[in-house]
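Heads up, the thing below is written out as structure tokens.
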Amino acid sequence: IVEHFVTIQLFRLKKFNKWEVQVMNKQERSTITDLGKCNFRDVCSYFQQKSEERKARSKEEKQEEKKKNEALIEEFGFCDWDGHREKIGNFRLEPPGLFRGRGNHPKMGKLKKRIIPENITINCSKNSKIPKPPAGHKWKEVRHDNAVTWLVSWTENVQNQNKYIMLNPSSRVKGEKDWQKYEVARNLKSKVDRIREDYMRDLKSDEMMVRQRAVALYFIDKLALRAGNEKEDGESADTVGCCSLRCEHIKLHKHLDGKDFIVEFDFLGKDSIRYYNKVPVLKQVFKNLVLFTENKEGPDDLFDRLNTSTLNKYLNSLMDGLTAKVFRTYNASITLLNQLLELTDPDDENVASKILSYNRANRAVAVLCNHQRAAPKNFSEQMGRMNEKIEKKQRDIQDAKQETKSAKSDYKHNKSEAKRKAYEGKKKKVERLQEQLIKLEVQATDKEENKEIALGTSKLNYLDPRITVAWCKKYSVPIEKCYNKTQRDKFAWAIAMVDDTYVF
DNA sequence: TATGAAACTTAGCACTCTCTAA
DNA sequence: TTAGAGAGTGCTAAGTTTCATA
């Protein structure tokens with residue numbers, strides 16, 4: 001209960017005002033009637049002290065702990081899957097605590113209860129070594145279902161949803177699924193022209209549902225919007241995707257900033273990340289949007305005749321495996337490919353500038369998919385320090401050039417070996433400094449452009465890794481520059497498969 | 001056709017670890 | 001040696017899609 005109150009206090013400190021006390025007994029409830037009158041300072045400082053102690057551990061202690069952790073991973077972090085030893089993704093259960101949720105979540109502050117063995121379902125083969133529950137406990141169920149990939153499941157009490165323990169992305173099942181996903185997206189590449197023709201035609205359909213479907217598809221394709229399932233009111237934060245857009249989420253401008261037919265989007269998407277975009281659209285799309293919003297209020301559905309289910313059913317009839325989210329994968333990957341083609345300078349041998357091009361291509365995708373992040377702490381100070389460094393380097397170069405000049409004239413007047421060497425040395429120094437300057441400038445540009453953009457999500461989930469692998473091979477960029485160890489493990493299938501001729 | 005559960009992918013944040021430069 | 005930045009990792013919420021059932 002102490003931990004519970006500490007967390008509640010933390011919520012309060014962060015100006016969150018919803019909480020509930022589900023863990024108090026009768027007596028506690030009668031004693032504690034107003035949390036505002038409770039003083040958690042001692043509890044708080046207790047945990048702060050614990051945290052300080054942890055930070056102050058000696059090297060040996062840290063080593064010791066690391067070893068113990070590795071042993072734990074060794075014992076519980078792997079499973080046997082069809083005779084292969086596979087890494088498990090999340091083998092530690094979620095601890096009890098207060099549910100936060102993202103954005104303005106109605107269930108924020110509810111108690112997430114401790115999971116006990118009686119909540120746990122184990123899924124493994126019949127003839128395998130079935131894990132034993134802790135003494136005095138029983139599993140909820142042990143089943144042997146090879147049609148699913150999870151090893152353990154339980155029901156989380158706040159949202160009443162199933163949670164699973166599954167394999168790590170480096171595992172074979174996950175890798176094969178990933179590969180399959182990109183194959184579907186590649187398949188879309190050959191069908192997309194036809195599909196686009198279809199929805200262009202459908203923009204003028206007599207049937208309202210078809211028109212709405214066409215406009216929704218236009219958004220999903222052009223803007224990489226998510227499908228947008230309906231959500232139960234009051235169960236989660238108010239966020240939307242394409243099909244669940246409401247009239248209040250768009251503004252229609254016949255003319256804006258010298259352009260025609262502008263749609264201004266402003267809504268909260270997944271994780272309550274704001275999507276704000278002013279987009280010029282086709283005249284017919286604009287006309288349709290005017291039509292769809294006629295006689296409606298802000299909270300009314302924009303696409304009242306459409307939902308993700310009917311949309312996906314239609315898409316599946318156009319191509320095997322096609323769903324709304326395939327467009328995101330396809331458009332992300334094709335954007336990376338096109339941007340790489342456009343931004344890579346084959347004559348520039350410098351690996352750092354190649355990587356800048358790659359990151360920029362990656363960034364174009366992140367912008368398309370609206371993958372944002374909070375700007376890093378002290379960002380402007382960091383930027384300032386970097387710029388100072390650049391200026392200093394520029395001064396150093398000026399100085400070094402001056403020195404080179406005088407070394408050169410020295411050598412002219414005295415053609416000795418020593419003078420020649422001195423001159424050569426100075427020249428080398430200038431070159432070295434100039435290279436360092438370029439590297440610094442590249443770093444600064446990259447950092448500035450990346451201020452509020454998260455590259456990781458698209459790299460991990462939307463970009464066909466074979467495009468990256470092939471690009472690296474083509475331009476002799478070591479794959480380590482694009483993918484770290486974990487990413488190389490996840491994309492092992494792609495790295496093994498592809499040479500520089502791969503075409504998405 | 002609607003509804004809800006199940007199973008899976010996608011998402012950003014906070015933390016820790018590691019590297020670098022002063 | 002140390003602080004600070006950046007890279008890497010863990011965590012778990014929040015989506016999408018599929019499937020079963022009414």
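Sequence lines set the chain letters: A, B, ... in the order given, protein chains first and strands last, and positions in each chain run from 1.
In this structure, the NZ atom of A/Lys459 is 15 Å from the P atom of B/dG12, given to the nearest Å. Atom CG in A/Leu93 sits about 16 Å away from atom P in C/dG10, given to the nearest Å. In this structure, the CH2 atom of A/Trp150 is 10 Å from the C1' atom of B/dA6, given to the nearest Å. Between the C1' atom of C/dG10 and the CD1 atom of A/Ile165 lies a distance of 14 Å, rounded to the nearest Å. Atom C1' of nucleotide C/dC11 and atom CG of A/Asn168 are separated by 14 Å, given to the nearest angstrom. Spacing between atom CG of A/Leu151 and atom P of B/dA7 amounts to 12 Å, rounded to whole angstrom units. The distance from atom CZ of A/Arg143 to atom P of B/dA7 is 6 Å, rounded to the nearest whole Å. In this structure, CD of A/Glu65 is placed 16 Å from P of B/dC15, rounded to the nearest angstrom.
More than 12 heavy atoms of other residues, nucleotides or ligands sit less than 6.0 Å from atom CZ of A/Arg196. Counting heavy-atom neighbours within 6.0 Å of A/Lys107 NZ, excluding the residue itself, gives a total above 12. Within 6.0 Å of the NZ atom in A/Lys296, the count of heavy atoms belonging to other residues, nucleotides or ligands exceeds 12. The local environment of NZ in A/Lys447 is crowded, with over 12 non-hydrogen atoms from other residues, nucleotides or ligands closer than 6.0 Å.
Residue A/Pro169 is out of contact with every strand shown, counting any heavy-atom pair closer than 4.0 Å. Contacts of A/Tyr164 with the nucleic acid, taken as non-hydrogen atoms under 4.0 Å apart, include base atoms. Among the atoms of the strands shown, none is found under 4.0 Å from any heavy atom of A/Leu460. Nucleic acid contact class of A/Lys313 (heavy atoms, under 4.0 Å, all strands): none.
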* Assign a letter to each nucleotide of nucleotides 16-22 of chain B from its 5' end: B, base within under 4.0 Å of a protein heavy atom; S, sugar-phosphate only; -, no contact. => --S----
* Structure fact -> Scoring nucleotides 13-22 of chain C by protein non-hydrogen atoms under 4.0 Å (B base, S sugar-phosphate only, - none) yields BBSBBS----
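When atom types are taken as modelled, the side chain of A/Ser190 and the backbone of A/Arg186 share no donor-acceptor pair closer than 3.5 angstrom.
Across the interface with DNA chain B, nearest-nucleotide mapping of A/Ala374 and A/Ser153 shows A/Ser153 to be the residue nearer the 5′ end. When each of A/Asn162 and A/Lys174 is assigned the nucleotide of DNA chain B bearing its nearest heavy atom, the one mapping closer to the 5' terminus is A/Asn162.
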Polar atom pairs (N or O), protein with nucleotides 3-8 of chain C, under 3.5 Å:
unit_1: C/dA5; atom_1: OP1; unit_2: A/Arg385; atom_2: NH2; d: 2.1
unit_1: C/dG6; atom_1: OP1; unit_2: A/Lys447; atom_2: NZ; d: 3.0
unit_1: C/dG6; atom_1: OP2; unit_2: A/Gln382; atom_2: OE1; d: 3.0
unit_1: C/dG6; atom_1: OP2; unit_2: A/Lys447; atom_2: NZ; d: 3.1
unit_1: C/dG8; atom_1: OP2; unit_2: A/Asn484; atom_2: ND2; d: 3.3

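The nearest pair of heavy atoms linking A/Asp320 to A/Val184 is O-CG1, 4.5 Å. For the pair A/Ile88 and A/Met166, the tightest heavy-atom approach, listed with the atom from each and the gap, is CG2-O, 3.5 Å. The two atoms that bring A/Ser205 and A/Arg211 nearest to each other are O-NE, 2.6 Å, heavy atoms only.
Inter-residue side-chain proximity for A/Thr323 and A/Asn316 is flagged as unmet; no heavy-atom pair is nearer than 4.5 Å. For the pair A/Lys325/A/Arg226, no side-chain contact is recorded, criterion being any heavy-atom separation below 4.5 Å from C-beta on.
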* Is there a side chain to side chain contact (heavy atoms under 4.5 Å, CB included) between A/Cys243 and A/Leu311 once you walk through the steps? -> CA-CA 9 Å; A/Cys243 293; A/Leu311 177 65; 3.9 Å; yes
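The side chain of A/Val148 lies closest to B/dA7, out of B/dC13, B/dA7, B/dA11.
In this structure, A/Tyr275 and A/Phe267 have parallel ring planes: the angle between them is below the 30° cut-off, well short of the 60° mark.
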